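Just so it is clear: chains get the letters A, B, ... in the order the sequence lines come, proteins before strands, and each one is counted from 1. Keep in mind the model is a prediction, meaning the values are calculated, not measured.
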Amino acid sequence: MMNRTAFIKFGGTTSFLLHSLSSFQFGTHTASLHSNVSSLIHKITNLNDALNLFDEMSHTRPLPSVVHFTQLLNAVTKMKHFSSSLHLFNQMCAIGVPVDKYSMSIAIKCCCQLYRSKDGFALLGCCFRRAIPPNVYIFNALLDGLVLEDRILEAEMLFKKLIKQKLCEPNVVTYNTMIKGLCKFGNNVTALALLRLMEQKNCKPDIVTYSTIIDSLCKDKLIDDAFKLFKEMLFEKGILPDVITYTSLIRGLCNLGRWDEASKLLKEMEDENISPDVQTFTVLVDAFCKEGKVEEAEAVINIMIERGKAPDLVTYNSLIDGYCLRGEMIKAKKLFDSITLRGLVPDVVTYSSLLNGYCKNLNIEKAEQMFREMSGKGLKPDVVTYSTMIQGFFQVGRCVAARKLFDEMHAQGQIPNECTYGIVLDGLCNNHLVEDALSLFHLVGNSKLNSNVAVYNILIDGASKNGKVDIARVVFQGLTDKGLQPNVRTYTVMISGFCQEGLLGEAKLLFLKMDESGCPPDDVTYRVLLQGYLKNRHYDDVEMLLQEMDDRGYSLDASTLSLFIDDIAAGLLDRSMLKLLGKLVPKELLNDPSLCDWE
DNA sequence: CTAGGGTTAG
């Protein structure tokens, strides 16, 4: 806590306060403080001013009222200085300001926003002891805290308890917070059910309710459902969408590559006089970059600047990623270096993006350099940074370095997640260390990490590629034994493994099982099986498979197609198959010169 | 004097 001396030292930026406060610094005009305090609080723009004003207030006798202290507390909280705000709250208690439900609710909110909902609940206990009946604001803050910490079951329990024990009447914010939690865990169905419950209970869903669910549907690529809800909101409830609603929908469309509709929606929102903001533009930049359309992303940034919406760190992080994806590392680094010139400070994501770019482009030394540099700047590498770097080491065959970093990650308190685990298993397999991957897999045993099909897909693929199809078969069996459902990819990698070993009978059997199991083969499965057949000169089922592909609307890829052409040229396959093959050539390959000379 | 929804990295 800063004292008065420190305040003087900081000087300069707070001169208006000094001036305003000078009237009572010598204890002569305390009355003027009380009348001025609200206006002083409104002028607060930084933490130092707030802390010093608090200091002044706490030395004033009689003490300013709890309302004034709470106003100040609120100002600090709005600046997101949650721990300072909590500190001030504690000071208030210590100097005997009688805290009320308002200050309590702010303090609880601060605990929760700091991922310390446990302390929030402790304060709830204080409410009861001090005969401050907790209100809906307090419970909403606690509910939000649980959601923030991903403690969704406890959030649901609290929500139900509020209603059952009539602790408070849940309002639209309570519902919205619970819905946000459900959406965060991908439970759109229950979120929607809660929206319906609101209607029943006469607690009108509002734009936040709708936007939250619409956003979640978009994230799950359920864009049609999202628009259905959007129309319901607009036409049945008469709620007008705002910039947030539009941004979610635009992102949903962009992520599905439906650019035309996205730009139509962008135009629609501008027609409604809703201006896209920095986040809307950033969504566009990010989507373009992910598609490799960096020029379009740059154009969006230029539009932003023209319109006076300064791109922020997130915008630039996305663009860095876009350059990295295209292997344009010089541009990526140049942008990285220019971020500081724009008055922005690179964060963990910025560093991780560039580091990822260097890894993906196999410049591991530069990646390591970024890794060291960020630590030097006081930025702590997080799970993503570590995972990226570990993957980079594996990609260049530096398995020992990968292992060392994995251990360091543990030591630094960064817990590997599913993705890290997958990277390690994949890395080991790709470096011919299938046995090590299996040992790790068995070591992990029955934990949650091993209940993900992706893990099995990696091991089956890895074992097969190392010529250990027997191990792959055992892992595949283990997956079903565990009650997990293989997905298309699982079947496909297993079939690919069988084909590699010339076990076409087993491949075919598994292929046939897919439809039976309600997991129909996709175009990749067909290509894998066809390649297996062709490479093994097994032509019996080929024509039938091609016909099925045509029926299902699938197409061939360039490499499978060239195998066919080679076999036809060698007279191994009949030219009559060309007609069928012609139907399976994807549009983008039609102008490929290497495929022009057949027929 | 107190509350809620949208953007980035593996």
Side-chain angles (χ1 to χ4, degrees), chain A residues 38 41 65-75 77-78 99-110 112-113 135-144 147 171-181 183 206-216 218-219 241-252 254 276-287 289-290 311-322 324-325 347-357 359-360 381-392 416-423 426:
Chain A
S38 291
I41 289 165
S65 79
V66 61
V67 176
H68 288 140
F69 276 104
T70 308
Q71 280 178 339
L72 184 57
L73 213 55
N74 192 32
T77 308
K78 286 250 157 72
V99 302
D100 59 4
K101 61 181 173 181
Y102 297 99
S103 44
M104 230 5 153
S105 124
I106 296 174
I108 290 175
K109 182 200 154 114
C110 289
C112 291
Q113 294 299 310
N135 59 13
V136 67
Y137 286 86
I138 287 175
F139 284 115
N140 287 347
L142 289 167
L143 193 65
D144 198 36
V147 168
N171 63 14
V172 61
V173 177
T174 324
Y175 279 100
N176 289 347
T177 307
M178 194 64 238
I179 286 173
K180 177 178 70 176
C183 288
D206 63 7
I207 185 155
V208 177
T209 323
Y210 276 99
S211 297
T212 306
I213 304 179
I214 285 172
D215 182 67
S216 180
C218 287
K219 284 194 173 122
D242 63 9
V243 62
I244 296 181
T245 328
Y246 275 113
T247 301
S248 292
L249 286 166
I250 288 171
R251 194 191 38 175
C254 288
D277 61 11
V278 176
Q279 289 196 40
T280 318
F281 286 121
T282 300
V283 159
L284 294 172
V285 168
D286 189 58
C289 285
K290 287 208 162 65
D312 62 10
L313 194 57
V314 180
T315 323
Y316 288 121
N317 286 348
S318 290
L319 187 58
I320 288 179
D321 233 37
C324 289
L325 189 68
D347 64 0
V348 183
V349 180
T350 323
Y351 275 96
S352 298
S353 297
L354 196 59
L355 187 150
N356 178 45
C359 284
K360 292 286 132 65
D382 68 3
V383 198
V384 179
T385 325
Y386 277 109
S387 304
T388 310
M389 198 66 226
I390 288 171
Q391 191 174 40
N417 60 21
E418 290 185 7
C419 199
T420 323
Y421 181 50
I423 284 170
D426 195 49

Taken to the nearest whole Å, CD/A/Q113 to C1'/B/dT2 is 13 Å

Ring pair (Phe, Tyr, Trp, His ring centres under 6.0 Å) filter on A/Y351, not counting sequence neighbours, yields A/F336

Side-chain contact check for A/K109: nearest option of B/dA9, B/dA3, B/dG6 is B/dA3

Tested for side chain to side chain contact (heavy atoms under 4.5 Å, CB included) against A/N356, the lone hit among A/T388, A/I320, A/V384 is A/T388

Taking B/dG6, B/dT2, B/dG10 as options, the one with an atom nearest any side-chain atom of A/T280 is B/dG6

With heavy atoms under 4.0 Å as the rule, sort A/V383 into base, sugar-phosphate or nothing. base

Out of B/dG10, B/dC1, B/dT2, minimum distance to the side chain of A/N417 belongs to B/dG10

Residues passing the ring pair (Phe, Tyr, Trp, His ring centres under 6.0 Å) test with A/F281, sequence neighbours excluded, are none

Practice problem: Quick one: label A/D321 by what it contacts on the DNA or RNA (base, sugar-phosphate, nothing), any heavy atom closer than 4.0 Å. | Solution: sugar-phosphate

Report yes or no: is the ring centroid of A/Y137 under 5.5 Å from the six-membered base ring centroid of B/dT2, with the two planes under 30 degrees? yes

Per atom distances to the A/V314 side chain, the nearest of B/dT7, B/dG6, B/dA9 is B/dT7

Taken to the nearest whole Å, NZ/A/K180 to P/B/dG6 is 7 Å

Atom CD1 of A/I207 and atom P of B/dG5 are separated, to the nearest Å, by 13 Å

| task | Would you classify A/T70 as touching base, sugar-phosphate or nothing, given that sugar-phosphate means primed atoms plus P, OP1 and OP2, and contacts are heavy atoms under 4.0 Å? | result | base

Do the side-chain N or O atoms of A/K101 get closer than 4.0 angstrom to the phosphate oxygens (OP1, OP2) of B/dA3? no

_Any donor-acceptor pair under 3.5 Å linking the side-chain atoms of A/Q113 with those of A/D144?_
yes

- Message: Under 3.5 Å, is there any donor-acceptor pair linking the side chain of A/Q391 to the base of B/dG10?
- Response: no

OP1 or OP2 of B/dT7 less than 4.0 angstrom from a side-chain nitrogen or oxygen of A/K219, does that happen here? yes

When rounded to whole Å, the CE to P distance for the pair A/M389 and B/dA9 reads 19 Å

Quick note, A/N74 side chain, CB onward, closest among B/dG10, B/dT8, B/dA3 is B/dA3

Donor-acceptor pair (no angle test) under 3.5 Å: A/N171 side chain, B/dA3 base: yes

Quick note, A/Y102 side chain, CB onward, closest among B/dT2, B/dG6, B/dA9 is B/dT2

Note to self: Between the base of B/dG10 and the side chain of A/T388, is one N or O donor paired with an acceptor at under 3.5 angstrom?
What the structure shows: no

Side chain of A/S248, base of B/dG6: donor and acceptor closer than 3.5 Å? no

Among the nucleotides B/dG10, B/dG5, B/dA9, whichever has the atom closest to the side chain of A/K360 is B/dG10

note: A/H68, atom NE2; B/dC1, atom P; distance rounded to Å ~ 10 Å

Quick note, A/D100 side chain, CB onward, closest among B/dG5, B/dC1, B/dA3 is B/dC1

message = Please determine whether any donor N or O and acceptor N or O are separated by less than 3.5 Å between the side chain of A/D277 and the base of B/dG6.
response = yes

> Which part of the nucleic acid does A/V278 contact within heavy-atom distance under 4.0 Å: base, sugar-phosphate only, or nothing?
Replying inline: nothing

Exercise for the section: Mind checking A/L313 for me? I need base, sugar-phosphate or nothing, with any heavy atom below 4.0 Å counting as a touch. Expected result: nothing

Practice item. Please evaluate the base of B/dG5 for a donor-acceptor partner in the side chain of A/D206 within a cut-off of under 3.5 Å? Key: no

Against the side chain of A/V283, the closest entry in B/dT7, B/dA3, B/dA9 is B/dT7

Q. Counting any heavy atom closer than 4.0 Å, what does A/T245 reach on the DNA or RNA strands: base, sugar-phosphate only, or nothing?
A. base

Regarding the side chain of A/Q279, the nearest nucleotide among B/dT7, B/dG10, B/dT8 is B/dT7

Looking only at heavy atoms, the pair that brings A/V243 and A/P276 closest together is CG2-CA, 4.3 Å

Q) What nucleic acid atoms does A/V172 come within less than 4.0 Å of, heavy atoms only: base, sugar-phosphate, or nothing? A) base

Taking donor-acceptor contacts at under 3.5 Å, does the side chain of A/S318 reach the base of B/dT8?
no

Looking at A/D321 and A/K290, is any side-chain nitrogen of the basic one under 4.0 Å from a carboxylate oxygen of the acidic one? no

Between the SG atom in A/C289 and the CG atom in A/L319, the distance rounded to the nearest 0.5 Å is 5.0 Å

